[in-house]
Structure formats: structure tokens, C-alpha cells
Amino acid sequence: MEHQFISNPETAVVATKQGKVRGYVYDNISIFKGIPYAKARRFHAPEPVEPWEGVLDATSYGYVCPLLDLPKPNGELLVPHRYWVMNEDCQNLNVWTPACDGEKRPVLVWLHGGGYEAGSAIEQVAYEGENMCRVGQVVVVSINHRLNVLGYCDLSDFGEEYANSGNAGTDDIIAALKWVQENIAAFGGDPGNVTVFGQSGGGAKVTTLLQTPAADGLYHKGMNMSGVIGPILADAKGSGKELAQAMMDELGLKDVKELETIPYDALANAYKKVRPVLEKEGKYVGGRPHPNAFYLGTPDEVGFRKETAQIPLLVGTVYGEFSSFRAPGYDKHKMTVEEGERMIEEIVGKEAAGQLLPLYKEAYPERNPVELCTLDFLFRLPTQDYIRLRSALNDCTYAYLFNYDLPLDGGREPWHCSDIPYVFYNTELVPITQEAGVTEKLEKEIFDSVMAFAQSGNPENPAVPKWPASSGEEERTMVFGKETKLRRNFDAELVPLAAKYLGPALAKEAEKNKANIQH
């Protein structure tokens with residue numbers, strides 16, 4: 001295949017509200033990187049970017065938010081990563097578009113994973129927007145924003161200027177969505193058809209936007225991939241006064257204003273030192289959204305806001321999530337059904353196994369009973385509740401599960417992030433996805449569903465079975481795998497029981513897995 005690259009003063013030049021930007025064209029896709037959408041002082045709300053003269057070079061990715069800890073590469077075969085230059089001046093975004101014309105194409109805005117503490121718009125290789133843009137004929141935007149102590153540290157007790165510092169990262173996302181509303185038409189996108197989508201922490205950010213009034217009207221649909229995680233990403237409640245004072249004491253500072261100007265590394269080190277102490281006492285430690293006048297709180301505690309109840313959502317998880325990062329201490333491929341059942345009995349006892357095994361066989365008849373050990377309930381259980389709560393309000397909540405064993409170790413249950421390449425049409429960039437006769441079919445099923453949803457708010461399309469919205473009584477789940485099927489309440493009884501019996505039994509193993517978790 002011959003590729004085409006064009007970069008000259010006249011090509012891929014767009015006039016934004018702030019000034020002109022110039023990207024480049026690759027295989028008929030116009031690509032813009034590192035466009036600033038806002039600026040901000042540390043702990044303060046984002047402000048508009050000053051207009052610039054001339055043409056801004058938008059051919060290089062912008063800074064990403066500084067991280068609390070430098071990542072140690074691991075699990076790159078499962079989730080390929082890339083790392084970038086870090087700086088607090090990180091309010092920038094990237095755009096991929098089929099053409100900078102007057103067409104009104106659906107716009108998809110990607111919110112990256114990593115909780116509210118880590119990650120970036122380009123961290124995973126599979127985040128690349130080019131293929132989604134080209135194959136789907138949509139405009140793709142990915143954004144960087146403030147994270148960790150920079151983005152989620154409540155200082156509101158120290159004055160009105162810090163009123164929403166506990167949600168500064170979310171305010172950055174809202175500023176980016178405002179930029180999209182103002183400018184995306186010049187990039188060939190429809191500001192009236194914006195889908196926010198994200199995985200893990202990115203999916204959680206979709207929920208955060210639903211619960212934040214200032215975001216209303218800036219997006220029209222949402223896709224939440226493995227982003228309902230219960231206590232792991234619970235809101236950071238309470239006052240941040242003690243946290244701020246502890247950091248100041250650690251740093252020998254007298255005034256909160258000094259926290260604005262000390263080097264980030266010093267701030268991060270102080271935060272990491274005092275956080276465990278406060279955390280142990282059950283006090284505010286930041287790092288996650290802060291319920292206040294700006295953000296109402298998670299829907300499992302306060303319900304979904306009525307103002308956003310009718311926004312279509314596509315919500316789901318993958319079969320293994322965190323439990324599939326480590327190879328298990330057994331070979332399921334050499335184990336009989338009877339041997340698998342005996343192993344489950346040894347783990348949870350005969351009585352619990354007697355309840356679990358029939359339900360598992362009904363939900364996953366193609367799997368060996370021993371695979372109960374890697375069945376996710378950490379995400380799936382709160383996701384079941386989330387879908388039930390949401391679908392009781394509307395008829396536009398759609399559920400899915402990614403249930404395809406990827407070709408590792410003879411076939412391993414899918415792990416956290418393993419569905420991302422299919423959503424972006426990027427399986428060609430991630431070697432672990434490749435299986436003859438399966439990859440192309442599964443990628444089309446998932447991608448076409450996401451594109452249909454971005455277009456209309458309904459994921460139904462010819463590549464998959466009929467896909468009705470869920471209701472408060474019935475979760476209608478599209479189970480993506482070698483044989484994609486629609487299932488109804490298929491794991492409604494299994495998952496709560498798995499959490500009850502397998503949760504305590506596998507807690508120690510989960511602790512071991514923490515070092516292997518990727519986002």
C-alpha cells in the first residue's frame with residue numbers, strides 16, 4: 001500500500017477562535033496535535049487561551065500532565081504504551097478529521113484512562129485516532145488535562161479562588177468540550193453530535209460529566225468502558241484543609257499560596273508522604289472528584305441528574321478485567337470440566353460451589369468451570385447496578401460485555417483495556433489481538449456498533465444481532481466474542497454470588513496482581 005503525506009503552508013490550516021493552526025495530511029486524514037484549549041494557574045480554574053498571531057504549528061503532541069510516579073514498563077504485550085514529555089501546561093488536544101470542510105460529521109471525544117491520577121491522551125498505542133477517523137468517517141478528539149494533586153486537590157477552605165480546585169481536572173475537560181463546541185465545525189465536525197467516550201478512569205469521567213451541571217449541552221452521548229469501579233474510584237469527600245496543611249508542614253511552607261509555585265516534584269513527594277497517613281484516618285486525600293456545588297457526586301449515592309437522564313449511554317466491561325493480567329497457576333486447556341469443578345470446590349467449599357457452578361455453566365457454557373477464578377466482579381457488579389439505575393430512567397441505555405479470549409498462553413481471558421483496539425479499529429497496531437478468522441469479524445462488530453451509536457445514539461447495526469436498550473428489570477447485553485450474541489440478565493445472579501464467595505477467597509491473589517495492572 002502506498003502512503004501519502006502532505007505538509008505545506010496551505011494544507012491542513014484551520015482558523016480557530018484563538019488563531020490559525022496547521023497540521024498535516026496523512027493518507028487523506030488531516031491530523032492536528034497539541035492544540036491548546038485553555039491555560040491555568042495551579043489549583044485554579046482554566047482560562048481562555050490568549051489569541052495568537054500567525055499560524056500555530058500543530059504537528060507535535062503537546063505536554064501531558066506530570067505523574068506522581070514514573071511508570072515502570074510492564075505488561076507491554078498485553079497493553080502497549082508510550083510515554084511523553086510532562087509539564088503542567090498540559091491543556092491541549094489532538095484532532096483527526098477526514099476533511100476540514102463544511103460537513104457535519106459525528107465527533108468522538110476520548111477521555112483517557114488511569115483513574116484521575118495518571119495516563120494521557122496518547123499513553124496507549126491503541127488510542128491513536130487515525131483509523132477510527134478514516135474507517136468511520138468521523139472526527140476524533142483526544143484531550144490531556146490536569147490529574148492527581150494538580151487536578152483534584154480541594155483548597156476551597158482557603159478562599160473563593162480555590163472554590164473548585166477539587167475538580168480542576170474535570171473543569172479542564174469541560175473547557176476542552178467548550179473548545180469543541182466553538183471550533184469543531186471548522187474541522188468538519190458537528191458540534192451538535194458529540195460523543196464522549198472513555199475506558200477505566202476515562203469511563204468514570206463520562207459519569208462525572210453527567211453529574212456536573214457546567215458540562216450540560218457540551219456532549220450528547222456517552223460510552224463508558226470499564227469505568228464503573230465502585231469504591232476504587234469513589235468520590236473524595238470532605239474538606240481538603242488538613243491535606244493542604246499537612247503538605248505545607250512537610251514542605252516547611254507558611255501560606256497556601258506557596259503550594260502554587262513550588263516545583264511539582266516537591267509537591268508530589270510531599271503529597272505521597274502525607275496521603276497514606278490521612279487515608280488511614282479516613283480523611284480527604286484528593287485524587288478523585290470532590291462533591292460540592294459544582295459536582296453532585298456519583299449516581300450510586302445521589303442518583304443520576306434528571307437533566308442528563310435522557311443522554312444515551314453505552315456501558316460495559318470485559319470478562320476478566322484486573323484478574324486476567326497475571327497468568328493463572330493452572331492450565332485450563334489441560335483441565336477437564338470435572339477437574340475444574342473440583343478446583344472451585346477447593347477454593348470456595350462444596351456448598352458455595354453448588355450454587356456457583358450451575359449459574360456459571362448457564363452464563364458461560366463454553367468455558368471450563370475453573371475460569372470462575374478469573375471472572376470479574378469488581379467492575380461487573382457495580383456496572384450491573386449502574387445499568388439498572390440508569391435504564392430505569394430512559395430507553396437509551398445499552399449494555400455490552402467483551403468476552404473474547406485473546407491468543408496469549410493458548411487463549412487468556414480478556415483483561416482490562418483489551419477491548420480498546422477494537423473500539424478504535426486499531427487491532428493492526430496491537431499484535432496480541434491477531435487471530436486468523438476472528439480479529440477482522442470481531443473488530444467490525446464492535447467498531448460498527450460504536451460508530452452507529454456515535455451517529456444516532458443507538459448501537460444497532462447489520463454486523464450484530466438486534467440490540468434493544470436495557471430496562472430497569474432486564475439488562476440486554478451484547479456479548480462480543482467469537483460468536484457475538486445478545487443475552488438477557490445472563491449473569492444477574494452469578495456475579496453477586498461470585499463476589500460473595502470468590503471475593504474473599506481471591507483477595508490475596510488480587511493484591512499480588514496490583515503491580516501488573518495497566519491502564
Side-chain angles (χ1 to χ4, degrees), residues 108 132 135-136 195 197-200 203 206 221-228 311-321 362-367 375-377 379-392 394-406 413-425 427 433 435 438-495:
L108 291 99
M132 176 179 277
V135 179
T195 299
F197 72 127
Q199 186 269 350
S200 192
V206 171
K221 294 175 286 294
M223 182 175 180
N224 185 335
M225 305 165 58
S226 301
V228 185
I311 289 178
L313 286 190
L314 184 54
V315 186
T317 61
V318 307
Y319 177 91
E321 298 288 3
E362 185 179 352
Y364 297 100
E366 76 282 6
R367 292 189 177 277
L375 174 70
D376 164 68
F377 45 80
F379 291 76
R380 183 68 183 128
L381 184 58
T383 299
Q384 286 178 329
D385 294 336
Y386 184 99
I387 292 168
R388 191 178 301 115
L389 180 66
R390 182 78 185 175
S391 58
N394 58 42
D395 58 357
C396 52
T397 301
Y398 299 88
Y400 75 88
L401 177 78
F402 184 67
N403 183 38
Y404 165 57
D405 285 11
L406 286 92
E413 298 91 323
W415 48 83
H416 197 58
C417 303
S418 59
D419 52 341
I420 296 174
Y422 302 85
V423 169
F424 274 89
Y425 212 83
T427 60
T433 63
E435 183 176 358
V438 178
T439 306
E440 186 176 345
K441 169 184 171 293
L442 186 57
E443 184 171 46
K444 179 175 174 57
E445 290 172 345
I446 294 173
F447 183 77
D448 285 4
S449 297
V450 174
M451 291 300 99
F453 182 76
Q455 182 70 52
S456 68
N458 185 329
E460 285 197 343
N461 69 92
V464 299
K466 186 171 176 57
W467 190 349
S470 291
S471 71
E473 297 75 38
E474 186 176 70
E475 182 181 319
R476 297 145 189 166
T477 309
M478 190 63 68
V479 182
F480 289 105
K482 287 189 176 181
E483 293 184 30
T484 295
K485 298 176 182 178
L486 185 85
R487 306 286 301 277
R488 298 171 187 267
N489 284 347
F490 80 106
D491 62 351
E493 293 182 63
L494 171 65
V495 173

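Values reported hereafter were calculated over all heavy atoms of this structure, with side chains retained and with hydrogens, waters and symmetry mates removed. Nothing fancy with the numbering, it's 1 onward along the sequence.
Between the side chain of E321 and the main chain of V318, a donor-acceptor pair closer than 3.5 Å is present. One N or O on the side chain of S456 and one on the backbone of N458 form a donor-acceptor pair closer than 3.5 Å. Not one N or O on the side chain of N489 forms a donor-acceptor pair closer than 3.5 Å with the backbone of A492. Distance alone, capped at 3.5 Å, is enough to place a donor-acceptor pair between the S470 side chain and the R476 backbone.
The nearest pair of heavy atoms linking S418 to P414 is OG-CB, 3.4 Å. Across all their heavy atoms, V206 and G222 have their closest contact at CG1-CA, 4.2 Å. When all heavy atoms are compared, the tightest approach of G481 to K441 is O-NZ, 3.9 Å. Of all heavy-atom pairs spanning L486 and K466, the tightest one is CD2-O, 3.6 Å.
The aromatic rings of F480 and W467 sit perpendicular to each other, their planes meeting at more than 60°, with 30° as the lower class boundary.
Side-chain contact, R390 with N224: no donor N or O sits under 3.5 Å from an acceptor N or O. Counted by atom type alone, D491 and Q384 present one or more donor-acceptor pairs between their side chains at under 3.5 Å. No side-chain N or O of N461 forms a donor-acceptor pair with one of Q455 less than 3.5 Å apart.
When side chains are defined from C-beta on, M223 counts as touching V423, because their heavy atoms get closer than 4.5 Å. L442 places a side-chain heavy atom less than 4.5 Å from the side chain of F402. Taking the side chain as every heavy atom from C-beta outward, S471 and D395 never approach each other to under 4.5 Å. Proximity of D405 to R367: side-chain heavy atoms (C-beta onward) are separated by under 4.5 Å at one or more points. Annotation: side chain of M478 is in contact with side chain of P465 (closest heavy-atom distance under 4.5 Å). E445 places none of its side-chain heavy atoms less than 4.5 Å from the side chain of Y422. L313 is not listed as a side-chain neighbour of C396, based on a closest heavy-atom distance of 4.5 Å or more.
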**Message:** With side chain to side chain contact (heavy atoms under 4.5 Å, CB included) as the criterion, how do F197 and K221 come out once you've worked through the C-alpha distance, each side chain's angles and the decisive distance to 0.1 Å?
**Reply:** CA-CA 8 Å; F197 72 127; K221 294 175 286 294; over 6 Å; no
**Request:** Show the numbers, then the answer: is there a side chain to side chain contact (heavy atoms under 4.5 Å, CB included) between Y425 and V450?
**Result:** CA-CA 10 Å; Y425 212 83; V450 174; over 6 Å; no
**Request:** Decide side chain to side chain contact (heavy atoms under 4.5 Å, CB included) for L375 and L494; before the verdict, give the C-alpha distance in whole Å, the side-chain angles of both, and the deciding distance to 0.1 Å.
**Result:** CA-CA 10 Å; L375 174 70; L494 171 65; 3.8 Å; yes
**Asked** Do T317 and L401 pass the side chain to side chain contact (heavy atoms under 4.5 Å, CB included) test, and can you show the C-alpha distance, the side-chain angles, and the key distance before you say yes or no?
**Response** CA-CA 5 Å; T317 61; L401 177 78; 3.3 Å; yes
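Interatomic distance, T433 OG1 to D419 CG, rounded to the nearest 0.5 Å: 12.0 Å. Rounded to the nearest 0.5 angstrom, I420 CD1 and I446 CD1 are separated by 11.5 Å. How far CE of M225 is from OH of Y400: 4.5 Å, rounded to the nearest 0.5 Å.
A salt bridge between E475 and R380 is present, with a side-chain N of the basic residue lying under 4.0 Å from a carboxylate O of the acidic one. We find that D448 and K444 are joined by a salt bridge, their nearest charged nitrogen and carboxylate oxygen being less than 4.0 Å apart.
Heavy-atom contacts from other residues, nucleotides or ligands closer than 6.0 Å to CD of E366 number more than 12. Environment of NZ in K485: sparse, with no more than 12 heavy atoms of neighbouring residues, nucleotides or ligands closer than 6.0 Å.
Each of E413, E435, K482 was scored for a side-chain hydrogen bond (donor to acceptor under 3.5 Å, both in side chains) with Y404, with one residue passing: E435.
Ring-centre distance between Y319 and Y364: below the 6.0 Å cut-off.
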